[in-house]
Number of protein chains: 2
Amino acid sequence: MKNPIEALNKIFDSRIRLGVMSILIVNDSISFNELKQLLELTDGNLASHLNTLEQAEYLKVQKSFIGKKTNTTYIITELGRHAFKAHLDALEKMIRGI
Amino acid sequence: MKNPIEALNKIFDSRIRLGVMSILIVNDSISFNELKQLLELTDGNLASHLNTLEQAEYLKVQKSFIGKKTNTTYIITELGRHAFKAHLDALEKMIRGI
DNA sequence: AAAAGTACTTTGTTTTTCAAAGTTACTTTA
DNA sequence: TAAAGTAACTTTGAAAAACAAAGTACTTTT
């Protein structure tokens with residue numbers, strides 16, 4: 001048997017980043033505020049996790065306006081989508097003992 | 001929609017503890033050394049994660065002898081089994097967006 | 001008798017997490 | 001027009017967690 005955890009992605013060790021990704025994977029885009037309210041996080045905490053995901057190029061930031069008010073939304077990248085799916089696959093395999 | 005991450009168990013944020021549990025759930029018992037080799041960890045690191053799981057009462061330790069050599073094995077508890085399953089359920093629900 | 005193995009504990013550094021406060025750039029209300 | 005509010009951060013600093021390396025006590029192998 002080989003090491004069952006090596007295929008797991010360290011970036012997804014965090015519940016918060018896992019939550020962000022699971023939201024982004026089913027939503028075309030979501031705003032900072034929606035994420036903040038959904039996940040019940042402080043601004044700083046959310047911003048830093050989003051930053052980690054952006055550094056990894058798992059999501060990208062889109063700045064737009066709603067009327068004259070700025071609105072920042074986050075969109076998953078292809079890389080992010082693949083990384084997330086690969087992680088879930090690895091998890092499933094690990095649990096199944098494959 | 002409600003907070004999708006609140007049902008996730010913080011103890012299972014760690015890949016290593018997730019790995020230990022996924023091994024224990026399908027094996028009646030496993031030794032320290034087997035875990036160490038499988039997960040490719042240093043003694044100290046493995047011991048501390050096992051300790052976290054033991055504190056949570058998710059596993060118990062069984063000391064025995066193979067000949068005159070001590071052999072420490074780890075066994076999942078009912079609490080551990082339930083906690084792990086609940087975590088996986090929560091994960092699945094989160095991903096499915098339920 | 002020396003070297004190696006088992007299962008840790010201890011020590012200390014590095015990394016991660018997080019809240020709180022501060023900041024910038026608006027917009028809205030009084 | 002001044003004060004207050006909102007959005008989306010950044011900075012700061014503290015606490016917690018992760019980890020490697022070394023130490024320990026005992027046993028077994030060479």
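For clarity, every value in this text was computed on a predicted model and none was experimentally measured. Just so it is clear: chains get the letters A, B, ... in the order the sequence lines come, proteins before strands, and each one is counted from 1.
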So among B/Asp89, B/Asn9, B/Ile11, B/Leu18, which one has a side-chain contact (heavy atoms from CB on, under 4.5 Å) with B/Phe84?
B/Leu18
Just the rounded figure in Å: distance from [atom2] of [N] to [atom1] of [X].
X       : N      : atom1 : atom2 : answer
A/Tyr74 : D/dA8  : OH    : P     : 7 Å
A/Lys63 : C/dC26 : NZ    : P     : 12 Å
A/Leu39 : C/dC18 : CG    : P     : 11 Å
A/Glu40 : C/dT17 : CD    : P     : 19 Å
A/Arg15 : C/dT17 : CZ    : C1'   : 10 Å
A/Asn45 : D/dA16 : CG    : C1'   : 13 Å
A/Leu46 : D/dT10 : CG    : C1'   : 14 Å
B/His49 : C/dT9  : NE2   : C1'   : 16 Å

Starting at the 5' end of DNA chain D and moving along, which residue's nearest nucleotide shows up first, A/Asn51 or A/Gln37?
A/Gln37
Whichever of A/Glu34 and B/Leu41 has the more 5' nearest nucleotide on DNA chain D, that residue is A/Glu34
Is there a side-chain polar atom (N or O) of [X] under 4.0 Å from OP1 or OP2 of [N]?
X       : N      : result
B/Thr72 : C/dC8  : yes
B/Asn71 : C/dT6  : no
B/Thr42 : D/dA20 : yes

Once you apply a heavy-atom cut-off of 4.0 Å, does B/Lys36 come out as touching a base, just sugar-phosphate, or nothing?
nothing
So what does A/Asp43 touch, heavy atoms closer than 4.0 Å: a base, only the sugar-phosphate, or nothing?
base
From D/dC9, C/dA7, C/dT17, pick the nucleotide closest to the side chain of B/Asn33?
C/dA7
From the candidates C/dT17, D/dA18, D/dC9, the one with an atom nearest any side-chain atom of A/Phe32 is D/dC9
Minimum heavy-atom distance between B/Ile5 and A/Gly19, given as atom pair plus value
CG2-CA, 3.5 Å
Got a donor-acceptor contact below 3.5 angstrom from the B/His82 side chain to the B/Glu78 backbone?
yes
Donor-acceptor contact below 3.5 Å, side chain B/Thr77 vs main chain B/Tyr58:
yes
ILVMFWY network linking A/Leu50 to A/Val61, side-chain heavy atoms under 4.5 angstrom
yes
